[in-house]
Amino acid sequence: MPAPVLTEERSQMLHRFQDDLHRASYHFQPPAHWMNDPNGVIHWQGAYHLFYQYNPKGAWHERVHWGHAVSQDLVHWRDLPIALTPTDGGIDDGGCWSGCAVDLGDEVRLFYTGVRPQVVCTAVSSDADLRTWQKDPTPLIDAPPAGIDAGSPADFRDPYIWREDDGWYMVIGARQEGVGGLALLYRSADLQHWDYLHPLLAGDASVTEPFWPGTMWECPNFFYLDGAPVLMVSVQDKGKGELRYPAYYTGPLQDWRLIPTAAGKIDHGGAFYAPLTMKDHQGRMLMWGWLQEDRSREAQRAAAWSGIMSLPRQLFLHEDGSVGQRPVPELTTLRRDHWARGPLTLTADGPNPLAEVRGRALELALICKPAAGDILLLDLLAAPDGSERTQLRYEAETGLLTLDRSQSSLSADAGKDPMTAFVPLVDGRLTLRVFVDGSTLEIFANERICMASRVYPTDPQSEEIRLSGSGVIEQINVWKMAPIW
Ligand code: DQQ
């Protein structure tokens, strides 16, 4: 296992945050301050590079930079100096917002959003560790195309680029005022001169099924899973200024317009947003997302940090054309103390099979076979006196998986809304992988439904687990997860 390498800032912060129950121990997060979207993820000269939206001044969103971390194994990360800083009076003076990285063999080129108010910018590096970046002082694209009313100032951001046989393609997030979100499609022969084609897909805010597609699309991604085209966007409610959820559309392309045949939310937990994908050297499509806080701005400032990066997830295509997700297998290297139970049958008033398990940094893997009327209850981060607990519930009758946060925290400041999604059984089984890490929960149900959420228990003893309800548990495994710092 690679030894964690700590920068000075991170080792100071580890000390400062040692009693903070809500920091992550095996999810990536910066040493301190504000973090939002993942940016420019790339595998370059033997290492994974993760950039992220970062405010070095404190735990709020302002004039964001690109923070930078590197990993050999997708699990342990080393901090590198800030990669992009807004240039005073330059085209990104107001912030270096989200974008992507392109591997050109002898160099890496970043395409990002400069806020002036929103233009496409580039920077290049040929360093072995991508430490230093040369910015181009002129924007690559300085406004939305004619005929697009993206508001004033225009919403036009988050370039994502990929290569096809006939050149380079780019999608940019935007909106058509009064209609809905847009993924605008461009093509270029040289990555420098870009021609606008048309929307790859346009959203319609009057639609409500299978989900509401919002009024603005941020952070578009386009890629192929088993040859099938996939567009992923982050759905914003522009009117309310709310970041809602990432969603995907799959289906054939006709003259470079996506004709959706399947669509869905990428995550149902309310925290996961602005995901970014990359194809790694093993051909895997990997994805990270920003796990937003669910507590007040004041609490975030008081904590001196905000934002956690999701675990790396691997994307694949199910037979029905829907997008599947699983945690990358490398995460199993963090598994330590192990408890295994099952097969067993849960009964009302029966003993808690996980009575001796404790922890705030855990992975649980559970396979159950629910029969009609069964209800499975899994309490996490539970206090011995029952004053705090986060409950994951599966009801066979409705097929609904619910994350009940109503008692997650004694703090009035913590988000308490429930999160719910329908989970189809596979061969009559529900397979759950649940990752608990301080204030972070990431749940994978049958590799179809993901729920990432945030909870803020206040009691250091809120680390018990209770499994109850009714039904057959074929197997349950729990591991303590080693810290990555
Ligand atoms: N966050 C970035 C934008 C992006 C938004 C700004 C999504 O580029 O649209 O920090 O969270």
Side-chain angles (χ1 to χ4, degrees), residues 29-30 33-41 50-68 82-86 91-101 110-123 139-141 144 150-151 153-161 170-175 180-184 203 213-222 231-238 240-247 266-267 270-277 287-294 297 300 306-310 452 454:
Q29 68 180 129
H33 311 311
W34 169 273
M35 183 203 80
N36 58 302
D37 317 351
N39 293 148
V41 289
L50 171 65
F51 302 88
Y52 53 88
Q53 294 280 281
Y54 178 58
N55 176 11
K57 285 195 178 154
W60 62 90
H61 185 272
E62 185 188 333
R63 209 176 182 238
V64 275
H65 298 46
W66 278 35
H68 186 191
I82 287 173
L84 296 180
T85 299
I91 55 174
D92 58 10
D93 188 352
C96 300
W97 285 14
S98 289
C100 65
L110 302 181
F111 295 81
Y112 68 100
T113 311
V115 180
R116 190 191 77 164
Q118 289 175 24
V119 295
V120 178
C121 300
T122 62
L140 213 55
I141 305 176
D155 285 305
F156 179 65
R157 56 181 179 270
D158 312 331
Y160 184 94
I161 291 176
M170 165 162 61
V171 268
I172 301 187
R175 66 193 177 94
L182 291 173
L184 301 174
T215 49
M216 164 68 195
W217 284 353
E218 309 185 284
C219 304
N221 288 228
F222 177 85
L231 173 70
M232 191 168 77
V233 295
S234 283
V235 169
Q236 194 190 356
D237 182 342
K238 180 76 192 164
K240 291 192 185 151
E242 281 176 11
L243 312 180
R244 298 296 294 274
Y245 33 74
I266 286 283
D267 195 285
F272 186 93
Y273 195 72
L276 184 66
T277 53
M287 176 178 75
W288 288 258
W290 164 37
L291 303 182
Q292 305 176 70
E293 300 299 321
D294 198 2
R297 289 180 185 189
Q300 295 173 46
S306 175
I308 289 181
M309 198 61 78
S310 75
R454 305 296 303 279

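All ligand and atom numbering here is 1-based and tracks the order in the structure.
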| remark: Residue, atom and distance of the protein heavy atom nearest atom 11 (O) of ligand 1 read D37 OD1, 2.9 Å
| said: So does D158 get a backbone contact from the side chain of T113, meaning a donor-acceptor N/O pair under 3.5 Å? | reply: yes
| Which residue owns the protein heavy atom closest to atom 10 (O) of ligand 1, what's the atom, and how far is it? | Q53 OE1, 2.6 Å
| Quick check: does any side chain N or O of E218 sit under 3.5 Å from a backbone N or O of S234, one acting as donor and the other as acceptor? | no
| query | What about N36: any of its N or O atoms under 3.5 Å from an N or O on ligand 1? | reply | yes
| message | Taking a cutoff of less than 4.0 Å between a non-hydrogen atom of the residue and any ligand atom, is H61 in contact with ligand 1? | response | yes
| request: Would you check, one step at a time, whether the test side chain to side chain contact (heavy atoms under 4.5 Å, CB included) holds for R454 with E293? | output: CA-CA 6 Å; R454 305 296 303 279; E293 300 299 321; 2.9 Å; yes
| field | Nearest neighbour in protein (non-hydrogen) for atom 3 (C) of ligand 1 | value | D158 OD1, 3.5 Å
| task | Check ligand 1 against Y273 and write out every atom of the ligand that is under 4.0 Å from a heavy-atom position of the residue. | result | 7 (C), 11 (O)
| Test side chain to side chain donor-acceptor pair (under 3.5 Å) applied to E62 - qualifying residues, sequence neighbours left out | W60
| message | I'd like to know if the side chain of D237 and the backbone of E242 have a donor-acceptor N/O pair within less than 3.5 Å. | response | no
| Going by the order shown, which atoms of ligand 1 are within less than 4.0 Å of some heavy atom of S98? | 2 (C), 8 (O)
| Atom indices of ligand 1 within 4.0 angstrom of E218 heavy atoms, with elements | 4 (C), 5 (C), 7 (C), 9 (O)
| query | Any idea which heavy atoms bring F51 and W66 closest together, and the distance? | reply | CB-CE3, 3.5 Å
| At a 4.0 Å threshold, what atoms of ligand 1 neighbour a non-hydrogen atom of W290? | 11 (O)
| remark: The salt bridge (charged side-chain N to carboxylate O under 4.0 Å, His left out) partners of R116 (sequence neighbours excluded) come to none
